[in-house]
**Q** 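Right, I'll just put the structure down here and ask away after.
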2 protein chains.
Amino acid sequence: MARTQGSHSDITGPRIRAAAQELFARHGFAAVSMRQIASHVGLQAGALYNYTSDKQSLLVELMQAHMEDLLTAWAAEPKPGDVMGCLEAFVRFHIRYNLQRSDAVFIAYMELRNLTPDNFRQIEAHRRAYEDQLEGVLKDGVEQGVFDVPDTKIAALAVIAMLNGVLTWYRDSGRLSLVEVETIYWDMVRKAVGV
Amino acid sequence: MARTQGSHSDITGPRIRAAAQELFARHGFAAVSMRQIASHVGLQAGALYNYTSDKQSLLVELMQAHMEDLLTAWAAEPKPGDVMGCLEAFVRFHIRYNLQRSDAVFIAYMELRNLTPDNFRQIEAHRRAYEDQLEGVLKDGVEQGVFDVPDTKIAALAVIAMLNGVLTWYRDSGRLSLVEVETIYWDMVRKAVGV
DNA sequence: GTCTATACAAGGATAGAC
DNA sequence: GTCTATCCTTGTATAGAC
C-alpha cells in the first residue's frame, strides 16, 4: 500500500520553504494562500503548521535566510587589494548572486511592507549592512582620489538600485550572457563614480 | 438638472480612486479590501460598485491614468536642442515627477503581477513607450559621439532603475532638497553614459 | 506527521429597500 | 447613490483521528 502518510520532516520543511519562496515571488505574499503552498508540496494546509507557526514566520524566515546568505557570500568573495578592483568585484558579485536567486531577491525587496514592525527592523538592518559594504568601498575610493561622488550613501543606493534593475529584464535565454551583462553594468558604474 | 437625493457621483469617484491609490501603495493591492477602501471614503463596500465594476478595474485604471499622465507630462516638458540637455531634462523630470506622485509610481512598479494578462500588456506597452523616450535620447547622443554606451536599451533601463531608487529613501524632511537630489543623480548619470 | 473536518473571520460581489 | 443585508468563496489556523 502506498505510503501517503509518514515521517518526512527532514525534507518537507525545505520543500515548503521552496514552494513558499516561488509563490511569494511570483504572486506576492498577500496573494498566496497557505492552501496554495500546501498544494504545491502535496500536503493539506493544516500540515504546514508542523513546520511554521504562521504565514508571517514563513515570510520572515525566507527573507532572513536570504539576507544572511547574501552577506556571508559577499564576505567570502575574493577581493583585490585596490578599491577599483573591489568595486568591480561588488558589481559582478551582486549581479551574479542576485540573478541566481531572483525569487529570494524579489521577496526581499517587495515584501518589506508585509512584515510586522519587529521583523521589518531586523531585515532592514541586514539590508543596511549590505549597503554599508558598498559604501565602504566608495568611501575608501573617495579618500584615495580614485572615485568622485558627492555623497557616498546616495551613490551606494543608486548603484544597488541600478544593478537590481537587471532582475526585471534578464532572461537566461536572452541575447546577452551573464558575463556580458556584468561587464555592461560595470562599465556604467565605473564611469558613474569615477573621477 | 436637479440631482437625485444624495448624489455625489462627481466627487465620490475621484475620492474612491484617491483612497485606493493610497492604500494600494501602502499595503499592496492584494492586502487591501474593498471594505477598507469604502471605509476611507465614508461609504459601505457595496457603494463602490457604482463606480467600478470590480477591484481589478480600480487597479488598472489607476495604473493607466498614471502612465498616460507621465507620458503626457514628459511630452510637455521643454527640451533643450542638444542631447546632453535633453538627458539632463529627463533625469530632473523623472525624479521630480515621480517623487511628487510616489504612490502612483509605487503601484505602477509593484502591482504589475496583480494585473490580468490583457491589462498587463496594456500597462507594459506604456512603460515601454516611456523607456523608449529615454533610449531615443541615448541613441541620438551615441550617434553624435556625445554618449558612449555599449547598449542603449540596457543603459536606458539602468538609468531609470537608478532614478527610481530615489523613491525608496527620499523624504521631504530629509537633509537634501529636491534640486540637490536631482543634481547628485544627474552627475552620476552624466558620467555613466558620457564619453 | 499528515490527514479530515471544521471553527471562525474576512474577502468580493450582488439585491432590493429607500 | 447609498444603505443594509446577504450570498458564497476563500482565508488562517486548530482539533482530533490515524
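Convention: sequence-line order gives letters A, B, ...; per-chain numbering from 1.
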**Q** Measure from the side chain of Asn50(A), starting at C-beta and using heavy atoms only, and say which of dG12(C), dG1(C), dT12(D) lies closest.
**A**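 In terms of side-chain proximity for Asn50(A), the closest of dG12(C), dG1(C), dT12(D) is dG1(C).
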
**Q** Between dG12(C) atom C1' and Leu43(B) atom CG, what is the distance in whole Å?
**A** 16 Å

**Q** Taking atom P of dA10(C) as reference, at what distance in whole Å does atom CE of Met34(A) sit?
**A**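 It works out to 18 Å between those atoms.
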
**Q** Ring-plane angle category for Phe93(B) and Phe90(B), please: parallel below 30°, perpendicular beyond 60°, tilted otherwise.
**A**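 Judged by the thresholds at 30° and 60°, the geometry between Phe93(B) and Phe90(B) is tilted.
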
**Q** Salt bridge check: are Glu131(B) and Lys153(B) linked by an N-O gap of less than 4.0 Å?
**A**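 Judged by the 4.0 Å cut-off on N to carboxylate O distance, Glu131(B) and Lys153(B) do form a salt bridge.
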
**Q** If you assign each of Ala45(B) and Gln56(A) to its closest nucleotide in DNA chain D, which residue comes earlier from the 5' end?
**A**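 Here Ala45(B) is the residue nearer the 5' end.
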
**Q** From the set dG12(C), dA13(D), dC3(C), return the single nucleotide nearest to any side-chain atom of Lys55(B).
**A**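 Closest of the options to the side chain of Lys55(B): dG12(C).
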
**Q** Asn114(B) has an atom CG; how far is it from atom C1' of dG12(C), in whole Å?
**A** 15 Å

**Q** Tell me whether the guanidinium CZ or amine NZ of Lys79(B) lies under 6.0 angstrom from the six-membered ring centre of Trp74(B) and within 45° of its axis.
**A**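 So Lys79(B) does make the cation-pi contact.
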
**Q** May I have the distance from Gln36(B) (atom CD) to dG12(C) (atom C1'), rounded to whole angstrom?
**A** 13 Å

**Q** Return no unless some side-chain N or O of Tyr49(A) is found under 4.0 Å from OP1 or OP2 of dA15(D).
**A** no

**Q** If only side-chain N and O atoms of Tyr51(A) are considered, is one of them under 4.0 Å from the OP1 or OP2 phosphate oxygen of dG1(C)?
**A**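 Tyr51(A) to dG1(C) OP1/OP2: no side-chain N or O under 4.0 Å.
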
**Q** Do you know the tightest heavy-atom contact between Pro78(A) and Ala89(A)?
**A**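 The pair with the smallest heavy-atom distance is O-CB, 4.4 Å.
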
**Q** Looking at dT4(D), I'd like to know if its phosphate oxygens (OP1 or OP2) sit under 4.0 Å from a side-chain N or O belonging to Gln44(B).
**A** yes

**Q** Could you give the CZ-to-P distance, from Arg35(A) to dA7(C), as a whole number of Å?
**A**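 So the two atoms are 14 Å apart, to the nearest Å.
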
**Q** At 4.0 Å (heavy atoms only), tell me whether Val41(B) reaches a base, stays on the sugar-phosphate, or touches nothing.
**A**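 Here Val41(B) touches no strand at all.
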
**Q** Measuring from the side chain of Ala47(A) (C-beta onward, heavy atoms only), which nucleotide among dT2(C), dA13(D), dA13(C) has the closest atom?
**A**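 Selected nucleotide: dT2(C).
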
**Q** How many Å lie between CG on Leu58(B) and P on dG12(C), as a whole number?
**A**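 It works out to 11 Å between those atoms.
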
**Q** Rounded to whole Å, please give me the gap between NE2 in His27(B) and C1' in dG11(C).
**A**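 Result: 16 Å.
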
**Q** Starting at atom CD1 of Ile37(B), determine the distance to atom P of dG12(C), rounded to an integer number of angstrom.
**A** 8 Å

**Q** Check this one for me: any side-chain N or O of Thr12(B) less than 4.0 Å away from OP1 or OP2 of dT2(D)?
**A** yes

**Q** Please name the pair of heavy atoms, one in Ala158(B) and one in Met188(A), separated by the smallest distance, quoted to 0.1 Å.
**A** CB-CE, 3.5 Å

**Q** Determine: side-chain N/O of Ser33(B) to OP1/OP2 of dA10(C), distance under 4.0 Å, yes or no.
**A** no

